[in-house]
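To start, the structure under review is shown below, and the notes come after it.
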Amino acid sequence: MKVLVTGGMGYIGRVLVPDLVKNGFDVTVIDRKFLTYDDVEAEYDNLGVNTKVDDIRYCDPAEIKGFDAVVDLAALSNDPSGDLDPIKTWDINYLGRVRVARLAKKQGAIRYIVASSCSIYGFREEIANEETTPNPLTVYAEANQAVERDNLFLADREFTPLALRFATAFGYSKRLRLDIAINAMVYNAITTRKIKLMRDGEQYRPFIHVKDMSGAIIRGLEADKELVSGQIFNAGSNALNVKLKDVAEEVKKSVNGAEIEWYGDPDKRSYRVDFSKISKDLKFSAKYDIKYGIDEMSREFSSREFQYHEEMITLSVYKKLIDAEGFLSKHAYKQRKMGL
Ligand SMILES: NC(=O)c1ccc[n+]([C@@H]2O[C@H](COP(=O)([O-])OP(=O)(O)OC[C@H]3O[C@@H](n4cnc5c(N)ncnc54)[C@H](O)[C@@H]3O)[C@@H](O)[C@H]2O)c1
């Protein structure tokens, strides 16, 4: 199966792409490419992956042609990055991904997976499932809701779109993210012996290891059309709806001498998500728990080879790109293409 992965040089992509190759998929990546500290193109070249450095909003439609399936990961990938410039966030996260899905369908793809987010539910008392009315609280979450609606609407006899609403990721990827809760806690514990925790730690969050995200996407590619067409699946595990206090305690146990440092007023923003549907319909179950991720990240941050890069904080990447080259404008895109 020929698969196009948009945003395939990002945190999830760097785990998913090698997994897809291992599982026999013929993979092409299209990504605007924002990391400067490693040579992802050489790595993908070695794996036999075709790599295109381009922007999903403006690339030639022919670049989205000739694939059986598209996994759509390209986006500004968290709330603060989405807030930097809300109009441009809509431009990429909504219009860009609608463009990809429509072009994919028009040009013969039969399956399309969009990476959405459980943040679409907002903070709430009850456990949210796929039937729960979303309560998006940020531009990032609103764009996810809109793109789910419009891309799933494309479902018909030939075209099978589905959305995976991912829990918050943790764990190692070559494009490391330190702006996600568990990775950040472990990083701070290793480097400062402090685990920063907003009071009172009773807040629940749903988590998923990045390797399990990749596994869920592959299940979505392989599952019977009847099970997934036009469907939304929360992607995570009921066992990984965890209180932040419990995550912090686990980090404390794993990192010698680390102490919890409390801050802020009690945070009422808590949410839990029901992941029964993906387990029942796609037979997906998460293999990696929080302790696995904490130990993994702890080893990574303690190793001599580990080097901090500002680009590990997603917000910094986008701030820098906007300052340096107006990343978000078509004009800047054209100049870049012309090598100016
Ligand atoms: N990581 C998580 O916790 C998480 C949770 C839920 C949903 N998601 C979603 O999964 C997707 C991937 O997340 P990630 O963690 O890998 O993020 P990431 O920021 O590491 O990767 C996103 C990739 O998209 C690329 N990109 C951005 N705008 C582009 C454009 N206009 N054209 C081409 N490429 C572009 C970037 O260069 C980057 O490589 C995102 O849609 C994100 O919202 C992630």
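Nothing here was measured: the structure is a model prediction, and the numbers come from that model. In each ligand, atom 1 is the first atom listed, and ligand 1 is the first ligand listed.
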Look only at interatomic distance and state if R175 has a nitrogen or oxygen under 3.5 Å from any nitrogen or oxygen of ligand 1.
yes
For ligand 1, which atoms sit closer than 4.0 Å to a heavy atom of F34?
19 (O), 36 (C), 37 (O), 38 (C)
Is it true that E259 and K252 have a side-chain N and a carboxylate O under 4.0 angstrom from each other?
yes
Within the structure, is a non-hydrogen atom of M213 found at a distance of less than 4.0 Å from ligand 1?
yes
Are Y187 and F301 near enough that their ring centres are under 6.0 Å apart?
yes
Do the side chain of E261 and the main chain of L197 share a donor and acceptor less than 3.5 angstrom apart?
no
If we number the atoms of ligand 1 from 1 as shown, the ones under 4.0 Å from a heavy atom of Y318 are 27 (C), 36 (C)
Could you tell me whether the side chain of D31 and the main chain of M9 form a donor-acceptor pair under 3.5 Å?
yes
Does any N or O in the side chain of N144 come within less than 3.5 Å of the main-chain N or O of I120, such that one atom is a donor and the other an acceptor?
no
Looking only at heavy atoms of D54, does any of them come nearer than 4.0 Å to an atom of ligand 1?
yes
Any side-chain donor-acceptor pair under 3.5 Å between K277 and Q231?
yes
Only heavy atoms of A169, strictly under 4.0 Å: list the atoms of ligand 1 that pass.
1 (N), 2 (C), 3 (O)
Kindly say whether the aromatic ring centers of F233 and F284 come within a distance under 6.0 Å.
no
Hey, can you tell me if Y288 and Y292 have their rings parallel, tilted or perpendicular (30° and 60° cut-offs)?
tilted
Heteroatom proximity flag, I12 to ligand 1, N/O under 3.5 Å:
yes
Would you check whether Y11 has a nitrogen or oxygen atom less than 3.5 angstrom from a nitrogen or oxygen atom of ligand 1?
yes
Using a distance-only test with no angle check, is there a side-chain donor-acceptor pair under 3.5 angstrom linking R165 and Y121?
yes
Considering the heavy atoms of K33, write down every atom of ligand 1 situated less than 4.0 Å from one of them.
37 (O)
Is any side-chain N of the basic residue among D39 and K174 closer than 4.0 Å to the acidic one's carboxylate O?
no
Could you list which atoms of ligand 1 come closer than 4.0 Å to a heavy atom of R97?
41 (O)
Ignoring hydrogens and geometry beyond distance, is a side-chain donor-acceptor pair present between Y140 and N93 at under 3.5 Å?
no
Here the atoms of ligand 1 under 4.0 Å from any heavy atom belonging to M9 are 39 (O)
A student checking ligand 1 against G7 at a 4.0 Å heavy-atom cut-off should list atoms 23 (C), 24 (O), 25 (C)
What do you reckon, does S173 put a non-hydrogen atom under 4.0 Å from ligand 1?
no
Does F170 come within less than 4.0 Å of ligand 1, judged by its heavy atoms?
no
Which of the listed options, L73, N183, V40, holds the heavy atom that is closest to atom 41 (O) of ligand 1?
L73
Ligand 1 to R177 polar contact by distance, N or O atoms, under 3.5 Å
yes
Please verify whether a non-hydrogen atom of S116 lies at under 4.0 Å from ligand 1.
yes
Heteroatom distance test (Y140, ligand 1): nitrogen or oxygen, under 3.5 angstrom:
yes
Quick one: does ligand 1 sit under 4.0 Å from the side chain of A167, the backbone, both or neither, non-hydrogen atoms only?
backbone
Element-labelled atoms of ligand 1 that are located less than 4.0 Å from some non-hydrogen atom of D55:
30 (C), 31 (N), 32 (N), 33 (C)
For the pair S173 (side chain) and Y11 (backbone), establish whether a donor and an acceptor sit closer than 3.5 Å, ignoring hydrogens and angles.
yes
For G264, is there any backbone N or O sitting under 3.5 Å from a side-chain donor or acceptor partner on R199?
yes
To which of A74, G8, G13 does the heavy atom nearest atom 35 (C) of ligand 1 belong?
A74
If you take the nearest heavy atom of each of D31, V317, L164, D72, which one is closest to atom 37 (O) of ligand 1?
D31
Whether the side chain of N78 engages the backbone of S81 through a donor-acceptor N/O pair (distance < 3.5 Å, no angle test) should be reported.
yes
Are any of the heavy atoms in Y58 under 4.0 Å away from ligand 1?
no
